[in-house]
Amino acid sequence: MSDVAISPVSAPAERVRARLSGAIPDSRVSVADLDLPTIETDPRSWPAVARFLRDDPEMRFDLLIDLLGVDNLRRRGRPSRFELVVHLFSTSRDEHVRVKVILDGENPELPSVVDVWPAANWFEREAFDLFGFRFSGHPNLRRILCHQAFVGHALRKDYPPGQRWMCTEEDLYVPGLVARENVEEDHFETVVVNLGPSHPATHGTLRIVARLDGEQIVEAESEIGYLHRCFEKMSETHTWNQVIPYTDRLNYCSAFINNVAYCKTVERMLGIEVPERGALVRTILSEFSRIMDHCVCIGANLVDTGALTNFWYLFQPREEIYGLIEACCGARLTVSYGRVGGLSREVPADFVARCRSLLRSIPKFLDDVDNLVKRNRIVWDRFRGVGVVTRDQAIGWGFAGPCLRASGVGYDVRKARPYDFYDRFDWDVPVHRDGDNFARYLVRMEEMRQSLSIIRQALEILPSSGPVSSGDWHVVLPPKDRVYHDMESLIYHFKWVMEGIQVPEGERYEWFEGANGELGFYVVSTGGGSPYRIKPRPACFPMMAAFEKIIVGSRVSDAIATLGTLNIIAGELDR
Amino acid sequence: MPSGSADFFTTRLDNLVAWARKNSLWPLPFGTACCAIEYMSIVSSHYDLARFGAEVVRFSPRQADLLIVAGTVVDKLAPVLRKIYDQMPEPKWVISMGVCASSGGFYRAYHVVQGIDEIVPVDVYVPGCPPTPEELMYGILSLQESIQSGRKSRDDRSARYAATLPALPSP
Ligand code: SF4
């Protein structure tokens, strides 16, 4: 492997290269300067590189963002068929880095890095499930998203997208802790309880199996994949714009944020800009989506703990925001309003007035809920000191978003790497130190207020007229009246629909602040009408992985409250 | 009470029972994905399903007579859905909410059930992605009409399901 030097080499890449060559003088390790500093290595050097990146005082990449496989079968210019791509982040230096482990052969094997970053556990299982990578030394290497009777590895390029395998009741997974005899306990017998996959407290499709000693959980295991609907494979079989509706359905509580994050990633690959008005509308609606997401999270969470009233209070603002979004694009929940290059259509004439009226009405609901909850004895008992995640644990487990900030790490992408106009607004990142359920509640409530303030400021600088989409017709659909009247627009229209937009060859990782944490898209293009590989960074995936560890020692009812505050959204979790 | 034959009386009782059933559906929301969020809207304050006597949401199959499948069902979840359906006491009805539950929707993929009628019989299909609360309400109202008219719950519109049933013994 030779270094791919692109001049001028960016400072972060140069720094990584200098440190790395000093620490690991190995010809098999090289650093390239792509959109991120990219280290290429092979399986044998990988554990050493991993440790170096985490421990070196000038690196300190302590947060594992994502770990995924790529199949290069139909991609030119790569040294081998499979590679493992890892994205890391340093919470002390606000920097990202990418590592690529070049794997050999058709059924590659490589060492696991679970002991370096505990968050790698589930990510490695996923790469095993979908690509068939074998991680030696992994504590529990078995399928995670697909069912146990599944044959083959679905994200390999030679796996047919529609090939299904029957799953019967016998194929459902039975955790080891169910069968295991419990010998240590001499006073009481322990009981195994199964929650889910269809259980009101699991909010959809999670499954938790716990062993109880009385009311206390002594051991737990969670199982996911009950909503694995193949986002990644589907995105490979559609054009770039057709992927947008699928992104809606990742985190469907705040669909618009996903839309925009995906579109922005593609826009950056294309190198096009969205006009100021479009970008501001995106910001405004994203912040409203964040409020909706937090409303669902808090509302449902409080229902689980028995406080039903808040649910009605919090669903009313949601319903009102739906009204605004519906006026913009005709859909309430799964909006598909973003497009590569802007928005699918102009906002309604009364957009600003509607936003302002929401700004007036929402704080009342938030105050009502706060009044009910903040000093409520029952909520205190259920939330305070429960589900505690310390700062180090949160980082090690790969937490993100409000949950990470509730554990004392003030990382918010909107501040750390401002996109759109976030650096022009005056707002704060709420951080809390306790790391318990109550801290997560407080952080979310405060974030909603900050979002309102961002929206208020955005409305002030929102131009009253102007386009919301870019005028580049290679990317954006020309207006209909022109398509009917001039030939050139018709041709653009035809090409857009039939072939899709053409994205140049390359790869990119772009990250944004989703409602429950860093929402990233890693996109690989081989230069054509559809994506070669898209991997969203699911914020709640590592949190769910940690859940079974957080709840050990707590009571079942506390576990339910904790699950709610982590805000696990199955669509994003299982993709 | 007018004097009448037993037949006449039985019909009226059937009607009465149908009327009672129609107005006291106890739904079990089998919510898996985005559609479940819309389902939450329909039972909350703004749309308020209680107006149609179908708001007593039960999460135990043994206490429910209407299974509302809201969201994508994937292969891993299929046996679970079947089990829940089997655990519900008769008479029972199924509403498939959204295109995913009805046909797999736009997930023509390796891990997605292409319509829950592969697994359970369906009485009402509500299209939409997700259906608006109004649409789901319309679905529930049509189910109520069909219950009132005395139609059997396990009807044979689900051809794929019927094909898997053992043949009935000939009389
Ligand atoms: S029908 Fe649409 S909204 Fe409903 S679960 Fe499927 S993708 Fe989600």
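In the text below, chain A, chain B and the rest are named by the order of the sequence lines, each starting its count at 1.
- Using a 4.5 Å cut-off between heavy atoms, A:Arg318 touches chain B through its side chain atoms alone.
- Classification of A:Glu223 and B:Lys76 as a salt-bridged pair holds, one side-chain N sitting under 4.0 Å from a carboxylate O.
- Neither the backbone nor the side chain of A:Glu320 comes within less than 4.5 Å of any heavy atom of chain B.
- In terms of non-hydrogen atom pairs under 4.5 Å with chain A, the most contact-rich of B:Leu28, B:Val113, B:Thr132, B:Val57 is B:Val113.
- In this structure, the portions of B:Phe106 lying under 4.5 Å from any heavy atom of chain A include both its backbone and its side chain.
- Using a 4.5 Å cut-off between heavy atoms, B:Val73 does not touch chain A at all.
- Comparing A:Thr237, A:Asp574, A:Thr334, A:Asn251 by how many heavy-atom pairs each has under 4.5 Å with chain B, the most go to A:Thr334.
- In this structure, the portions of A:Glu169 lying under 4.5 Å from any heavy atom of chain B include both its backbone and its side chain.
- Both the backbone and the side chain of B:Tyr107 come within contact range of chain A, each with at least one heavy atom under 4.5 Å from a heavy atom of that chain.
- Ring orientation note: the planes of A:Phe231 and A:Tyr246 are nearly perpendicular, at an angle over 60° on the 30°/60° scale.
- In the model, B:Ser41 has a side-chain atom that pairs as donor or acceptor with a side-chain atom of B:Glu38 under 3.5 Å.
- In summary, of the residues considered (A:Leu206, A:Val209, A:Ile560, A:Leu563), a side chain to side chain contact (heavy atoms under 4.5 Å, CB included) with A:Leu195 occurs for A:Ile560 alone.
- The most heavy-atom pairs under 4.5 Å with chain A, out of B:Thr72, B:Asp75, B:Val112, B:Leu77, come from B:Asp75.
- Contacts of A:Leu573 with chain B are absent, with no heavy-atom separation under 4.5 Å from either backbone or side chain.
- Of the atoms belonging to A:Leu333, it is side-chain heavy atoms, and not backbone ones, that fall under 4.5 Å from chain B.
- Contacts between A:Arg229 and chain B at a heavy-atom distance below 4.5 Å involve backbone atoms as well as side-chain atoms.
- You'll find the side chain of A:Arg207 reaches within 4.5 Å of the side chain of A:Asn194, heavy atoms only.
- Looking at A:Asn259 and A:Asp248, their side chains do bring a donor and an acceptor atom within 3.5 Å of each other.
- Ring centroid separation for the pair B:His111 and A:Tyr226 does not come in under the 6.0 Å cut-off.
- Taking the six-membered ring where the residue is Trp, A:Phe150 and A:His147 present perpendicular rings, their angle passing 60° and hence far from 30°.
- For B:Ile84, the part sitting under 4.5 Å from any heavy atom of chain A is the side chain, from C-beta outward, and nothing else.
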May I have the step-by-step check of salt bridge (charged side-chain N to carboxylate O under 4.0 Å, His left out) for B:Arg82 and B:Asp86, ending in yes or no?
-> CA-CA 6 Å; B:Arg82 177 71 219 186; B:Asp86 287 341; 2.8 Å; yes

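- For an aromatic pair to be called close, the ring centres must be under 6.0 Å apart, and A:His153 with A:Tyr159 fails this.
- Interface remark: A:Ile569 contributes no atoms to any contact with chain B (heavy atom separation under 4.5 Å).
- Ranked by heavy-atom pairs under 4.5 Å with chain B, the list A:Met166, A:Gln148, A:Arg249, A:Gln163 is led by A:Arg249.
- Contact count against chain B (heavy-atom pairs under 4.5 Å) is highest for A:Glu319 among A:His238, A:Lys233, A:Glu319.
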